[in-house]
Amino acid sequence: MFSAISASSVRRRGAARLAAAVVTSGLLAMGSLAGAGTATAADEVPQHGGGASATLDGLTIYDDAVLHEDGEDQRLPAGLFEMTVDGGGNLKTYCIDIHNPTQDQAAYVETSWDETSLGGNENAGKIRWILEHSYPQVDNLAALAKSAGTGPLTERTAAAGTQVAIWRYSDGVDVEARDAQAEKLADWLERSARNVAEPRASLTLEPAAVSGRAGERLGPVTVRTDAAGVTVSPPVDAAASGVRITDEYGVAVDTAKDGARLYFDVPEDASAASGRLTVQATTSVPVGRAFAGVTRSQTQILAGSSDSTVSATASANWADGGAIPAITAKKNCAAGGVDVSVVNQGDEAYVFQLAGEEHTVAAGASRTVTVPVGEDAAYDFTVTGPGGFSQNFKGVLDCVTTSDAGPVTQKASSPPLPASAGGPSALGGGDNLAETGSSGATPVIAGLAIALVVFGGAAVFLLRKKNAAATDGPADGE
């Protein structure tokens, strides 16, 4: 079993990240230029590399666990979450981010390991092995109990034991299940786990952006999926612009398979503009795919999927000459920021502004700029260029498994609903509980913030009044 991460260490890291977040917020505020109306790119670009997007429904099958940390024992719920997929489908997930709370009804997107804490975790493959060899992938609990030598298991204890084993590898914490059989399952899974490769995305388009001259076929954009096939939707104004989505032979397509190479066929007389193609399929998302919150919320890993709707989008920019950029952004956990990549397929240099700095990409060249972002910080910045070009990127950088909030113990302000993401009340416990559910401290913090603002304003007013009275005091002799 791994040694515990001390609460004081969490506090120190939290303070450092908070300082970094303040610096980053200032940097990004300078770089967030108002995007003018653009003829060469859409203002809002999908922040999702492709696959499933879903909404968190809550912790549904769980039992008790105990976290041993900083000389204290803290109870917390351990088990399976459920998500509802946008467009149809359901997912079951486990937590890989024990110190961070979930947010009620948080939006999540399928994400590659290297854009989460798993990217720097040498044991990430062992977590996938655990998922494939335990509940709910192994839903015959009698067979699972026999393999693990645990004695009788229920859905609740099987889920708890699986979550505990995952936490030992995802977060490096000293945690155990309270139920004896669940603890035996966790120990067996931890001992037996072997590294398994990351599963590929359920659906992606590579690259996510292309560019070129009008009158040419722009691409290729390659379909990557485990689905039997995908539907292909052209740009919304395709009929008016004459832009078609074709295969490598120039034949218009509305369906495609894994490995298909798609192109934007742009008429020669087309005005400088941009467009997107979207592919969609219904498939089971591979076990072991990571799911990251669109806003800050506990990172999850997939344990099971029904047939679900998955999609991916690619964009294209075209013009009859000059600079013609294709721009993408991706979280870079190793560098602690976001990589903004620019490919210029035009015949002139492309000059753009990002995060308060000017950058140049020569004709036919490419360049990647890494924008620093503090851990757990939200980012929102815009690439701007000639001709009203504007492209915005936003998200949250969540690359490590400890929280800015300091100690993991939290007290819920009110009992969560049955469908909420766990928390102390779900265990019927007292105050000394680690909460992996929605943060009950949020309204308290908000109230304190408002009170401090009001208090500060009143203090400034009184000081000014006092200073004015001193300045305008009685004249000599009065």
Side-chain angles (χ1 to χ4, degrees), residues 33 35-46 49-50 204-224 232-254 256 259-279 312-330 339-354 358-369 382-393:
L33 305 178
T38 172
T40 55
D43 287 336
E44 295 184 4
V45 174
T204 58
L205 291 174
E206 301 172 355
V210 294
S211 62
R213 296 176 66 92
E216 299 176 349
R217 286 191 293 127
L218 313 183
V221 174
T222 304
V223 178
R224 302 294 185 194
V232 180
S233 299
V236 291
D237 61 348
S241 65
V243 176
R244 303 183 307 149
I245 304 302
T246 74
D247 62 16
E248 55 195 306
Y249 304 106
V251 178
V253 297
D254 56 15
R261 307 205 309 170
L262 305 178
Y263 294 81
F264 293 81
D265 189 351
V266 182
E268 188 172 2
D269 60 354
S271 301
S274 67
R276 299 179 191 165
L277 73 85
T278 300
V279 295
T313 301
S315 65
N317 297 326
W318 59 84
D320 58 5
I324 315 176
I327 305 178
T328 57
K330 183 179 181 180
D339 287 343
V340 178
S341 299
V342 180
V343 178
N344 179 12
Q345 296 288 12
D347 51 22
E348 295 180 4
Y350 177 61
V351 181
F352 66 97
Q353 287 74 41
L354 171 63
E358 184 174 279
H359 306 273
T360 301
V361 182
S366 62
R367 182 176 181 182
T368 297
V369 177
T382 302
V383 177
T384 59
F389 185 97
S390 175
Q391 196 159 314
N392 178 258
F393 299 97

Identify the heavy atoms of [X] and [Y] that sit nearest to each other, and give their distance.
X      : Y      : value
Pro207 : Pro220 : CD-O, 3.5 Å
Ala270 : Ala214 : O-CB, 3.9 Å
Arg224 : Gly259 : NH1-CA, 4.2 Å
Leu218 : Ala316 : CD1-CB, 4.3 Å
Arg217 : Gly250 : NH1-N, 4.0 Å
Val221 : Ala314 : CG1-CB, 3.9 Å

Can you tell me which residue pairs pass the salt bridge (charged side-chain N to carboxylate O under 4.0 Å, His left out) test with a partner in residues 233-245, sequence neighbours excluded?
Arg244-Asp265
If you define the side chain from C-beta out and look only at heavy atoms, does anything of [X] sit under 4.5 Å from [Y]?
X      : Y      : answer
Pro267 : Val243 : yes
Leu277 : Thr313 : no
Val232 : Val223 : no

Can you establish whether the number of heavy atoms outside Glu268 located under 6.0 Å from its atom CD is more than 12?
no
Spatial distance of atom [atom1] ([X]) from atom [atom2] ([Y]) [nearest 0.5 Å]:
X      : Y      : atom1 : atom2 : answer
Arg367 : Thr360 : CZ    : OG1   : 7.0 Å
Phe264 : Ser315 : CZ    : OG    : 6.5 Å
Glu248 : Thr222 : CD    : OG1   : 9.5 Å
Gln353 : Ser390 : CD    : OG    : 11.0 Å

Donor-acceptor pair, side chain of Ser211 and main chain of Ile324, under 3.5 angstrom
yes
Do any N or O atoms from the side chain of Asp347 and from the backbone of Gly321 form a donor-acceptor pair under 3.5 angstrom?
no
Taking only residues two or more places apart in sequence or in another chain, which ones pass ring-ring contact (aromatic ring centres under 6.0 Å, His included) with Tyr263?
none
How are the rings of Tyr350 and Phe389 set relative to one another: parallel (under 30°), tilted (30 to 60°) or perpendicular (over 60°)?
perpendicular
